[in-house]
Amino acid sequence: MEFSVKSGAINKLASSCTVVGIFEGRRLSPSARQLDKQSGGYLTALLKKGDLPGKVGQTLIIHDVPDTPCERILLVGCGKERDNKENQYRRIIQAIATALIDIHVKDALCTLTELNIKGLDLQARTRLTVQWLRDRSYRFDRFKSGSKRNKDTLRRLTFAVSERSNVKTVRTAIGEGQAIANGMDLARDLGNMPANICTPTYLASQARALGKEFRSLKINVLGETDMKRLKMGSLLSVTRGSRQPAKLIVVNYNGAGRGSSPTALVGKGVTFDSGGVSIKPSPAMDEMKYDMCGAAGVLGTMRSVAELELPINVVAVIPACENMPDGDASRPGDIVTSMSGQTIEILNTDAEGRLILCDALTYAGRFKPDTVIDVATLTGACLVALGKHAAGMLTNHAPLGKALKVAGDSSGDRLWEMPLWDEYQEQLDSNFADMANIGGRDAGTITAACFLSRFTKDYHWAHLDIAGTAWHSGAHKGATGRPVPLLTRYLINKSQ
Ligand code: BES
Ligand code: MN
Ligand code: ZN
């Protein structure tokens, strides 16, 4: 999908479909007002008939409006003019996406970035419009044969701005939005891919393909022999039960030269989580193909960063493996030694994410990062606590938490902080090893983060639990591409 910008009076810009906003109480947006004037009050007359009350997301397509240069006008309800907030704007954009895809228009002209939205400037409004339109146009139908494939998408959208001076801002925003959407698409494709295809080896090959596409990305893949040499006993304990070899994928992006220390992104890449010997119940077990969405989000973010050519250094570390039951799989009660030297009693083989992340986090320390952010579909408890709207965030460095929160709020990819208080650490006490890998029923997301915090003492660190946000269940089952918007935004802000 392509985006561009045009400046000029809306009643002079020709289009096959011009999109304008209508507020409740028959109030017109500035562009709607101009078209109304030019058509001799056509829109006001229509609204008087009650055809579009202006509730958020209502749409109405009208044709051949007299004396206007538009073949069609798409009117979209924008709710109350006063309390326009981000989530309202999101519903407006999603509504026009659906309408535009339905009518198969080739190119639309969008005036909606003129709306006043609390906390979102023109650049953010434009960027989010690109993100959300791309989001709606995304399809994953490569496993549907021939006629079952859905070919409907929107091809091109032009942003209309009234002032020339805004053209540059809108162009920058389009570039950012497209880079983020491309990263999200990659993350979603990887997430949606079934686990019989998307193995650790496949993830490594996709990383290599990304390295071919962007020369700025250097790929290095470690195998199990390397992991043994590095004494990653914890990571290796998870992959024991699988026929698929584990991989540790490292992606290096050097946009700031040698001197500056990198941000490290660590993504959980469990390509299928059966639970292992502590096997999961069958219902919805298919969704455990999404247990590599941390890895997918990190790879997607690297794609966005490379496309935007950000002047910073970033290194991605992705532990990828499968968690399967087997005669050689780890058992509850097994004790393993992590790369850090700390010993772990595996009381539940289904708490495997932390077991692979701890060694990856220790390994990430080798790059002398100033910041490490790990992303993982780590606990079902996070979904219970926050639902699908926010990722859980836990950190050992308040300013980092703040920066991530700001990035989340402005990218439509929000997070909510949970406490990492010392009191919770006791829940990980083990009778036989330095720690257990589970902390009981209470505060499951927090105790998982407490476990990780024992491996991240040397640097500023934040953990994002994306168990609720990385994919949708139910009728619209599929990967969301989160937290690519949040991470990319954080890195853009950091580079400025
Ligand atoms: N990948 C799961 C977490 C998960 C479960 C994410 C359901 C999304 C939906 C993780 O490996 C896991 O199994 N966690 C356990 C931890 C428990 C054994 C302490 C969980 O959440 O039940
Ligand atoms: Mn698990
Ligand atoms: Zn898991």
Side-chain angles (χ1 to χ4, degrees), residues 191 195 198 200 203 234-235 237-242 244 246 266-297 318-325 329-334 344-360 374-392 394 418 424 427-430 435-452 463-474 477-480 482-483:
C198 184
L203 279 182
S234 186
L235 201 177
S237 78
V238 176
T239 194
R240 286 184 71 104
S242 171
Q244 296 293 335
V266 177
K268 172 179 173 182
V270 174
T271 58
F272 190 75
D273 179 14
S274 69
V277 168
S278 315
I279 199 161
K280 286 181 181 294
S282 303
M285 208 210 265
D286 66 292
E287 295 190 14
M288 283 301 117
K289 72 173 182 179
Y290 290 117
D291 213 19
M292 34 57 70
C293 280
I318 296 170
C321 71
E322 233 185 5
N323 186 23
M324 297 294 262
S330 290
R331 295 147 289 246
D334 284 3
I344 304 162
E345 185 185 14
I346 302 176
L347 288 178
N348 188 322
T349 65
D350 197 12
E352 84 296 342
R354 61 199 80 181
L355 294 175
I356 69 171
L357 286 170
C358 69
D359 281 344
D374 80 76
V375 217
T377 49
L378 205 61
T379 61
C382 191
L383 181 59
V384 174
L386 297 174
K388 59 184 180 171
H389 302 292
L394 300 99
M418 295 188 199
Y424 292 103
Q427 287 179 236
L428 295 173
D429 287 351
S430 156
M435 69 194 86
N437 78 326
I438 52 169
R441 210 178 61 98
D442 296 353
T445 304
I446 298 175
T447 53
C450 283
F451 180 95
L452 299 178
H463 161 63
L464 294 174
D465 194 326
I466 57 167
T469 59
W471 76 91
H472 296 303
S473 309
K477 192 187 286 180
T480 60
R482 293 174 73 179

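Only heavy atoms go into these numbers, but all of them, side chains included; no hydrogens, no water, no symmetry mates. Indexing begins at 1, ligand by ligand and atom by atom, following the structure's order.
Within Asp291, the N/O/S atom positioned nearest the Zn ion (ligand 3) carries the name OD2. When the N, O or S atoms of Asp273 are ranked by distance to the Zn ion (ligand 3), OD2 comes first. In terms of distance to the Zn ion (ligand 3), the nearest N, O or S atom of Glu352 is named OE2. The atom name of the N/O/S atom in Asp273 closest to the Mn ion (ligand 2) is OD2.
Between Lys268 and Asp374 there is no salt bridge, since none of the side-chain N atoms of the basic residue sits less than 4.0 Å from a carboxylate O of the acidic one.
The closest approach between a heavy atom of Thr377 and any atom of ligand 1 is below 4.0 Å. Distances shorter than 4.0 angstrom do not occur between any heavy atom of Phe272 and any atom of ligand 1. Ligand 1 is never approached by Glu287 to a heavy-atom distance shorter than 4.0 Å.
Residue contacts with ligand 1, taken as heavy atom pairs separated by less than 4.0 Å, do not involve Phe451 at all. If you look at Lys280 next to ligand 1, the close heavy atoms, those under 4.0 Å, all belong to the side chain. The proximity of Asp350 to ligand 1, defined as any non-hydrogen pair under 4.0 Å, involves the side chain as well as the backbone. Contacts between Met285 and ligand 1 below 4.0 angstrom, taking non-hydrogen atoms only, are absent altogether.
In summary, no N, O or S atom of Ala376 is located under 2.8 Å from the Zn ion (ligand 3). At a cut-off of 2.8 Å, Glu352 is counted among the residues with an N, O or S atom near the Mn ion (ligand 2).
Here the protein heavy atom with the shortest distance to atom 14 (N) of ligand 1 is Leu378 O, 3.4 Å. The nearest protein atom to atom 16 (C) of ligand 1, hydrogens excluded, is given as Arg354 NH2, 3.9 Å; this is a heavy-atom distance. Of all protein heavy atoms, the one lying nearest to atom 8 (C) of ligand 1 is Trp471 CH2, 3.4 Å.
Ligand 1 has no N or O atom lying under 3.5 Å from any N or O atom of Ala467, backbone or side chain.
The residue from Ile438, Thr379, Leu355 that puts a heavy atom closest to atom 19 (C) of ligand 1 is Ile438. For atom 21 (O) of ligand 1, the choice among Gly380, Gly440, Ala470 with the nearest heavy atom turns out to be Gly380.
Of the N and O atoms on the side chains of Glu287 and Ser473, at least one donor lies less than 3.5 Å from an acceptor on the other residue.
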